[in-house]
There are 2 protein chains.
Amino acid sequence: MYKYSIGDLARAAATKVQTIRYYEETGLMPEPMRTAGNQRRYDETALNRLSFIRHSRQLGFSLDSIKALLHLTDNPDQSCQQANQIAVEQLVEVESRIARLNDLRKELVRISQSCKGGTMADCKVIETLSEHSLCDCS
Amino acid sequence: MYKYSIGDLARAAATKVQTIRYYEETGLMPEPMRTAGNQRRYDETALNRLSFIRHSRQLGFSLDSIKALLHLTDNPDQSCQQANQIAVEQLVEVESRIARLNDLRKELVRISQSCKGGTMADCKVIETLSEHSLCDCS
DNA sequence: CTTGAACCTACAGCTACTGTAGAATTTGCA
DNA sequence: TGCAAATTCTACAGTAGCTGTAGGTTCAAG
């Protein structure tokens, strides 16, 4: 039943041991059972919860958003709309980040194409980095 | 000549006063002149340097990369190639971030489209976030 | 000359971990 | 069963790149 050590859990969810303890500290993971010698022991539920957290983190959700999502799952009668709302907000955020990065990419291309291979004295890269007025970025 | 207070500089470069002091602490900005009453006073050179730093930050360069670029400008005889190398590395990094974010976006779209508006008990959003196996992300 | 804005230093806090030290426990193998 | 190696424990410091605060001083306008 309570078969996983913290190291097992870490391996299974591709996390670090310290990260799991950190999640416990900050209330994302519940306090697990302990052995007689005070070591943590986990069950499948804990592994699922940790996987959920890690996957959400990979999708860019903040720990606060994840906390909110986990709180929602603890109240199964509430509307799914709130969970969806959090996901949509995250989507909006990701799309705006993509847009900004595309702008950056454009200017970086311009900068690196300006290099004519001379010395620093007439380096167009540095020059271009100095002139914010010319760039498209917000 | 030394006409800018730290507040003037902050306004001119759209930064916070504390950020300028932080850049000084970490060696990105040189220690400026001081008034008799110990307040910092800057000239145009300092403003140019700060603008360079801010613009580079907006393009996603780390403070370490910026330090390297600034170091290059202090040695005008060196090859421009090194500066270009840093810019190209940054470009590669930005492109990989864009690619990853595009993957995330795809999955977030899938997640938010799965919401059918019921209760949390059968929330597809949460379900989808739990199942890493189904997703495309790395 | 006064008053209020801006400045000073020093330090704590933010996110989301990661690393370290030194001690205790558990596990595998003889 | 005994022992060594691996793992775990707590507690705390450090990372990037700032940002905010407290308590005090200086500057500039009127």
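Just so it is clear, the model here is predicted, and its values are computed rather than measured. Quick note on labels: first sequence line is chain A, next is B, and so on, each numbered from 1.
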Do B:Tyr4 and B:Val17 sit in the same hydrophobic cluster, where Ile, Leu, Val, Met, Phe, Trp and Tyr count as joined when their side-chain heavy atoms come under 4.5 Å apart? yes

Any chance you could lay out the side-chain hydrogen bond (donor to acceptor under 3.5 Å, both in side chains) test for A:Glu89 and A:Gln85, step after step, and finish with the verdict? CA-CA 6 Å; A:Glu89 275 167 18; A:Gln85 176 65 23; 3.0 Å; yes

Side chains of A:Ile86 and B:Val125, heavy atoms from C-beta outward: is any pair under 4.5 Å? no

Should B:Arg100 and B:Arg97 be marked as a side chain to side chain contact (heavy atoms under 4.5 Å, CB included) after you check the CA-CA gap, both sets of side-chain angles, and the distance that decides it? CA-CA 5 Å; B:Arg100 262 180 293 140; B:Arg97 256 190 268 170; 3.4 Å; yes

Taking the side chain as everything from C-beta on, heavy atoms only, tell me whether A:Leu101 gets closer than 4.5 Å to A:Leu104. yes

Looking at DNA chain D, which of residues 20-32 of chain B put a heavy atom within less than 4.0 Å of it? B:Tyr22, B:Tyr23

Looking at B:Thr45, B:Leu28, B:Ile20, which one forms a side-chain contact (heavy atoms from CB on, under 4.5 Å) with B:Leu50? B:Ile20

Give me, pair by pair, the N or O atoms of the protein and of nucleotides 1-3 of chain C that are less than 3.5 Å apart, along with how far apart they are.
none

Just N and O in the side chain of A:Arg54: are any of them under 4.0 Å from OP1 or OP2 of C:dA16? no

Distance check needed: C:dC8 C1' versus B:Leu9 CG, whole Å only. 16 Å

If only side-chain N and O atoms count, and only distance matters, is there a donor-acceptor pair under 3.5 Å linking A:Tyr42 with A:Arg49? no

Are there any protein N/O atoms within less than 3.5 Å of an N/O atom in nucleotides 3-5 of chain D, and if so, which ones and at what distance?
none

Kindly give the heavy-atom pair with the smallest separation between A:Glu24 and A:Pro32, and that separation in Å. OE1-CD, 3.5 Å

Whole angstroms only, please: what is the OH-P distance between A:Tyr4 and D:dT8? 14 Å

Between A:Asp8 and A:Ser5 (side chain of the first, backbone of the second, donor and acceptor by atom type, cut-off under 3.5 Å), is there such a pair? yes

Any A:Lys16 side-chain nitrogen or oxygen under 4.0 Å from OP1 or OP2 of C:dA16: no

Phosphate oxygens OP1/OP2 of C:dC7: is one of them under 4.0 Å from a side-chain N or O of B:Arg40? no

Within the 4.5 Å heavy-atom criterion, are B:Ile53 and B:Thr15 side-chain neighbours or not? no

Taking N or O atoms only and anything under 3.5 Å, show me the protein contacts with nucleotides 26-30 of chain D, one pair per line.
residue : atom : partner : partner atom : Å
D:dC27  : OP1  : B:Thr35 : OG1          : 2.9
D:dC27  : OP1  : B:Gly37 : N            : 3.0

Counting C-beta onward and ignoring hydrogens, is there a side-chain heavy-atom pair between B:Arg110 and B:Glu107 closer than 4.5 Å? yes

Evaluate side chain to side chain contact (heavy atoms under 4.5 Å, CB included) for B:Phe52 paired with B:Asn48, printing each intermediate quantity in order. CA-CA 6 Å; B:Phe52 176 87; B:Asn48 288 342; over 6 Å; no

Check step by step if side chain to side chain contact (heavy atoms under 4.5 Å, CB included) holds for B:Arg40 and B:Arg21. CA-CA 10 Å; B:Arg40 293 168 177 82; B:Arg21 288 200 276 251; 3.5 Å; yes

May I have the distance from A:Tyr42 (atom OH) to D:dC9 (atom P), rounded to whole angstrom? 7 Å

Return a table of donor-acceptor pairs under 3.5 angstrom between the side chains of residues 61-70 of chain B and protein atoms on other chains or two or more places apart.
residue : atom : partner : partner atom : Å
B:Ser62 : OG   : B:Asp64 : N            : 3.4
B:Ser62 : OG   : B:Ser65 : N            : 3.0
B:Ser62 : OG   : B:Ser65 : OG           : 3.2
B:Lys67 : NZ   : B:Thr26 : O            : 3.1

By the 4.0 Å heavy-atom rule, please label B:Arg11 as base, sugar-phosphate, or nothing. nothing

Short side-chain to backbone donor-acceptor contact, B:Asp103 and B:Lys106, under 3.5 Å: no

State, to 0.1 Å, how close A:Gly60 and A:Gln90 come at their nearest heavy-atom pair, and which atoms those are. O-NE2, 3.0 Å

Selection: residues 62-73 of chain B, any non-hydrogen atom under 4.0 Å of DNA chain D: B:Ser62, B:Leu63

